[in-house]
Amino acid sequence: MFERRPTRQISVGNDSTGIVLIGGGLDSTTPAPVSVQTMTAGYTHEIDTCITEINRLAAAGADIVRVAVPERKDTEALTEILNQTSVPIVADVHFHFKRALEAVEAGVHKIRLNPGNIQDRDQVNAVIDACRDAGIPIRVGVNEGSIIERKDKEQRKEELGKFFEKGSMGGKHAMLLALIIAKLEEYMDIFYERDFRDVSISCKSMDAAFTVAAYKEVSKRFDEPLHLGVTHAGPKETGAIRSIAALSGLLTQGVGDTVRISYASDPVHEVEDGLELMYSLGLRERKGVELIACPTCGRIQVDLFTLVQEVRQKLADAITVPIKVAVMGCVVNGPGEAEGADVAVFAGNKRGIIYVQGERVANVAETEILDRLLEECIGFQRRVQAGEAELGEKVVEIVPPDPIGELGSGIDIIASGNVEKATGLTIKKT
Ligand code: SF4
């Protein structure tokens, strides 16, 4: 649906992890699906915990997992971690270029360097050479928080002065953007001079609007694939909005080849939300259930919030084909969504009416809705896998003479009493 910006293409991983392509469209390559990354939250040197976390993130659907390697003991842990995981691993390197060399030696699949804290040309060249020999790419990852000089006091003063100058460039954000572009161009020149093009770029900020502006500018100036993210977005509750606002703004304009949504919470949520963003924008083929649920209102007659959460959790484990499942609170929109879904339930007066591809299969008490819905979903999945049913197909339309079809939907129809007549349910008057 959205035309992707053509980029160079890089690949991460190997035969044992599977190869994840990032970007594409230039040099006769085809753009790869936008990949979803995350980062472990625990210490890398706590090997068993780190392996468990990586495997949990991979099971949640992460295409690539990044780990921090601040100390020698972290890079020493990598060999064992790589032995016991099967997803491409990126070593996140700051300050110490030797950590990058050690990580390459251990066999990681990609290195991330921060131009804000590894600036020595010889050190960068040493990492480039090691990555070239190992055949792995590098991400040049600029962060708003580390772009301004920290070690050289005079330079820092000068950069901060420019940063806060509100002049012809339009204030703080324009100045920051200029600084990011200047540093990126300077840094990327090291790679170009070394003729190393196996690179992706990121330029993260905690400000969603600035993130969009920065990546758009970077996308005009560089043909490397872009890793999108809003850094330090905060807890999931608020960080989700900030991240999705920025990433959707860019992805719908074709900018972005791999993403990380970052939350101050369990990184599994980063993976789940990153994937849901891709599915919602049609950038990835959905795996597993697409869950539709109403927000509930004064017409609700079952505990729908609990039911939806239980359905979500159970189906995430049990269903691997992209079944569309609707969980609706009442007859107002229930029949309509039931028509459009593969498996659906709509509730009324402590009961649930369950449909499979438009065919009414059950009318059960509230306490039985979850189990029966799961049973129907699993049975439907089995039929799809056996080639006996097709996703999105409608076997039976919910139209007259089906009693619910006669009712249609809407508050007037509820008010008329037809719902009760046809279904035998008592509709609570509001
Ligand atoms: S389906 Fe019914 S309960 Fe749910 S929001 Fe719509 S009217 Fe309200």
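In this chain, residues are counted from 1 in sequence order. None of these values were measured; they are calculated from a predicted model.
Side-chain atoms of T75 and K98 include no donor-acceptor pair closer than 3.5 Å. Judged purely by distance below 3.5 Å, without hydrogens or angles, the side chains of N14 and S16 pair a donor atom with an acceptor atom. Defined by atom type and a distance below 3.5 Å, a donor-acceptor pair is present between the side-chain atoms of R312 and Q309. In this structure, a donor-acceptor pair under 3.5 Å is present between the side chains of Q37 and T258. At a cut-off of 3.5 Å, with distance as the only test, a side-chain donor of R139 or S202 sits close to an acceptor on the other residue.
Salt-bridge check for R5 with D223: failed, with every basic side-chain N at 4.0 Å or more from each acidic carboxylate O. Between D63 and R260, none of the side-chain N atoms (NZ, or NE/NH1/NH2) sits under 4.0 Å from a carboxylate O, so this pair counts as no salt bridge. With salt bridges taken as basic N to acidic carboxylate O contacts below 4.0 Å, one links R286 and E276. Taking the charged nitrogens against the carboxylate oxygens, E76 and R72 do have a contact shorter than 4.0 Å, which makes a salt bridge. With respect to R8 and D198, no salt bridge is recorded, no charged nitrogen being found less than 4.0 Å from a carboxylate O. Salt-bridge annotation for E71 and R99: absent, with no side-chain N of the basic residue lying under 4.0 Å from a carboxylate O of the acidic one. Ion pairing between D342 and K324 fails under the 4.0 Å rule for side-chain N and carboxylate O. No salt bridge links R242 with D207; every basic N to acidic carboxylate O contact stays at or beyond 4.0 Å.
Closest heavy-atom contact between H109 and I136: O-CB, 3.5 Å. In this structure, A246 and V230 approach most closely via the heavy-atom pair CB-CG2, 3.5 Å. Shown here for Y355 and R360, the closest heavy-atom pair between the two residues is CD2-N, 3.5 Å.
L373 pairs with exactly one of I378, V343, L315 by the side chain to side chain contact (heavy atoms under 4.5 Å, CB included) rule, that one being V343.
Ring geometry for H45 versus Y43: interplanar angle under 30°, hence parallel rather than tilted (30 to 60°).
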Q | Verdict with supporting geometry, E270 and K236, salt bridge (charged side-chain N to carboxylate O under 4.0 Å, His left out) | A | CA-CA 8 Å; E270 301 182 355; K236 175 176 159 61; over 6 Å; no

